[in-house]
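Taking it in order: structure first as structure tokens, then the write-up.
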Amino acid sequence: MPIRQTIQGRHVPVKIWTDDVDEGSLAQLANVASLPFIHHHVAAMPDVHLGIGATIGSVIATRKAIIPAAVGVDIGCGMVATRLSLTAADLDDKALRRVFDQISRDVPVGREQHPDDKVAVEAVRPFEAGLRTLLVRHPQLLKRLGRHSKWMNQMGTLGGGNHFIEICLDEANRVWVMLHSGSRGVGNAIAEYFIQLARNDMERQAIQLPDRDLAYFPEGNPHFADYVEAVHWAQEYARQNRACMLQLVLAALARHLPRFDVTTEVVNCHHNYVELEHHFGADVWVTRKGAIRARKGEPGIIPGSMGARSYIVRGKGNPESFCSSAHGAGRRMSRTAATKRFDAADLVRETEGVICRKDKSVVDEIPSAYKDIDTVMANQSDLTEVVHTLKQIICVKG
């Protein structure tokens, strides 16, 4: 499915891969497209929905500038998935319920973190020097870290919101492990700190913006290089966090399921991040805010909601999307709206057949609060091709 609509921003156009986009998101997209350093156009994926400053599900290429709030507060948030040698025939309901309980014990969720004696020392050690250097340059960041100062204890933890761990079956009834998380509290602290620095810079220089959350660092700004270094640190922390959690989940499975091997089908991809790439004749900073990179042949993960299908995909390298695709179903309604409209009984009905929490505390994650994942996939048939279709049988929410 090609681009569904194009709107003209004050500086560049916005190319959108869906007709299902609300007025607030259109306004945010137009705001971004009005900035003078935006390169060529803004791309909006079919899961696009309202964000802070910039829409979630947007791809923003910038020349010699980065917008920290467009990268977002969960720097490096993304997915990892791997296929096991197990099949549905190796599973039974009692074992799966034990697996759910084991994962819930072994992987801290929400604001929980590992105790000091369970810190993944080998995984966090490579990050110590980089964070120390950043704190020497920006001692005020220590205030932002606050309760996240024990960032080492957060390595291998899930977090809250829409983060999840799932055990799934593919189209051939083969078992997959898939999880969604990012850079945890330390990444959030780094993001909030630099977002505020960018706002302060704009105010000090009296630069008028269509939205204060589009404050940016131009190259040459004293904070630009530090932000690039910090965001790279957080992105790598997020990737390692997912890898650590994956090992914890595999260990939990090994305690209750028949012996298995991990196959070579492994995908680990960010969907909230910024990288320097080459597009439309220029080297530019590409911010994917709720989008994955989908270069030709590149593997990716596009999850649905906690009661819907998910997809392992291969990119088609479409230049119009800056070689990107949707990162998931995308929210149709806010968390507040979802909890007002639905209750625990609705959640039980919509997650039938899935071992998961079904209480009112996770009603905001009910499948009906999200767009239809199959419609999202149909709208981006020119961006990715489906390699595997997954359906969860266990879902551990943050």
Side-chain angles (χ1 to χ4, degrees), residues 14 16-32 42 44-60 67-75 77-79 109-111 158-164 180-182 184-185 187-188 191-192 195 210-214 271-272 287-291 302-308 310 326-351 354 356-376 379 395 397-398:
V14 180
I16 308 172
W17 269 259
T18 181
D19 294 321
D20 183 12
V21 55
D22 62 273
E23 291 300 319
S25 295
L26 288 173
Q28 284 189 331
L29 291 165
N31 284 343
V32 172
V42 175
M45 302 296 96
D47 59 339
V48 64
H49 58 285
L50 201 65
I52 297 175
T55 48
I56 299 166
S58 62
V59 184
I60 305 166
I67 308 167
V71 179
V73 295
D74 194 359
I75 301 169
C77 185
M79 304 283 304
V109 303
R111 295 186 176 184
L158 187 64
N162 62 351
H163 292 167
F164 62 79
H180 171 209
S181 191
R184 303 295 290 109
N188 179 279
E192 292 283 5
I195 287 169
D211 186 322
R212 69 192 293 263
D213 286 312
L214 295 179
H271 55 226
N272 283 346
T287 297
R288 293 185 176 90
K289 186 182 180 71
I302 304 176
S305 62
M306 63 189 288
S310 298
H327 81 309
R331 292 196 73 92
R332 182 178 297 282
M333 63 182 70
S334 70
R335 296 184 183 281
T336 300
T339 53
K340 287 181 178 178
R341 181 168 177 179
F342 302 106
D343 59 22
D346 296 315
L347 182 63
V348 169
R349 184 174 59 256
E350 294 193 20
T351 59
V354 182
C356 63
R357 288 168 53 200
K358 299 175 188 281
D359 57 86
K360 64 180 182 180
S361 68
V362 289
V363 166
D364 59 344
E365 283 294 303
I366 192 169
S368 287
Y370 285 83
K371 295 182 180 181
D372 177 63
I373 186 62
D374 293 320
T375 301
V376 168
N379 283 343
C395 178
K397 293 296 295 186

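- The salt bridge (Lys or Arg N to Asp or Glu O under 4.0 Å) search around Asp372 returns none, not counting sequence neighbours.
- For Asp364, the side chain to side chain donor-acceptor pair (under 3.5 Å) criterion is met by Arg335, not counting sequence neighbours.
- With sequence neighbours excluded, the residues forming a side-chain contact (heavy atoms from CB on, under 4.5 Å) with Val109 are Leu158, Val396, listed by chain and number.
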Go through Thr18 and Thr375 one step at a time and tell me if the side chain to side chain contact (heavy atoms under 4.5 Å, CB included) criterion holds. CA-CA 9 Å; Thr18 181; Thr375 301; over 6 Å; no
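- For Val363 against Phe342, the heavy-atom pair with the smallest separation is CG1-O, 3.5 Å.
- Lys360 contributes atom NZ, which lies 11.0 Å from atom OG1 of Thr339 (distance to the nearest 0.5 angstrom).
- Qualifying ring-ring contact (aromatic ring centres under 6.0 Å, His included) partners for Phe164, counting only residues two or more places apart in sequence or in other chains: His180.
- Residues meeting the side chain to side chain donor-acceptor pair (under 3.5 Å) test with Asp74, sequence neighbours left out: His163.
- The shortest heavy-atom contact between Glu350 and Ser368 is OE2-OG, 2.6 Å.
- Residues passing the salt bridge (Lys or Arg N to Asp or Glu O under 4.0 Å) test with Lys358, sequence neighbours excluded: none.
- Side-chain atoms of Val14 and Leu26, non-hydrogen and from C-beta on, never get closer than 4.5 Å to each other.
- A donor-acceptor pair under 3.5 Å links the side-chain atoms of Lys371 to the main chain of Asp20, judged by distance alone.
- In terms of heavy-atom proximity, Ser25 sits nearest to Thr55 at O-CG2, 3.4 Å.
- Closest approach of Pro210 and Asn31 over heavy atoms only: CB-OD1, 3.5 Å.
- Side-chain contact between Ile67 and Thr287 is absent, with no heavy-atom pair separated by less than 4.5 Å.
- Counting all heavy atoms, side chain and backbone alike, Ala326 lies closest to Val376 at CB-CG1, 3.8 Å.
- Residues satisfying the side-chain contact (heavy atoms from CB on, under 4.5 Å) test with Ala291, not counting sequence neighbours, are Met45, Val59, Arg288.
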Residues His327, Asp47; criterion side-chain hydrogen bond (donor to acceptor under 3.5 Å, both in side chains); working and verdict: CA-CA 7 Å; His327 81 309; Asp47 59 339; 2.6 Å; yes
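- Shown here are the salt bridge (Lys or Arg N to Asp or Glu O under 4.0 Å) partners of Asp211, two or more places apart in sequence or in another chain: there are none.
- Applying the salt bridge (Lys or Arg N to Asp or Glu O under 4.0 Å) test to pairs two or more places apart or on separate chains, those with a residue in residues 339-348 are Asp346-Arg349.
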Would you sort out whether Glu365 and Ser305 count as a side chain to side chain contact (heavy atoms under 4.5 Å, CB included), showing the intermediate values? CA-CA 8 Å; Glu365 283 294 303; Ser305 62; over 6 Å; no
Going through the distances and angles, do Gln28 and Leu50 end up as a side chain to side chain contact (heavy atoms under 4.5 Å, CB included)? CA-CA 8 Å; Gln28 284 189 331; Leu50 201 65; 3.5 Å; yes
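- Taking Lys289 as the reference, Ala54, Ile56, Ser58 meet the side-chain contact (heavy atoms from CB on, under 4.5 Å) condition, with sequence neighbours excluded.
- With sequence neighbours left out, the side-chain contact (heavy atoms from CB on, under 4.5 Å) criterion links Ala369 to Arg331, Met333, Ala338, Ile366.
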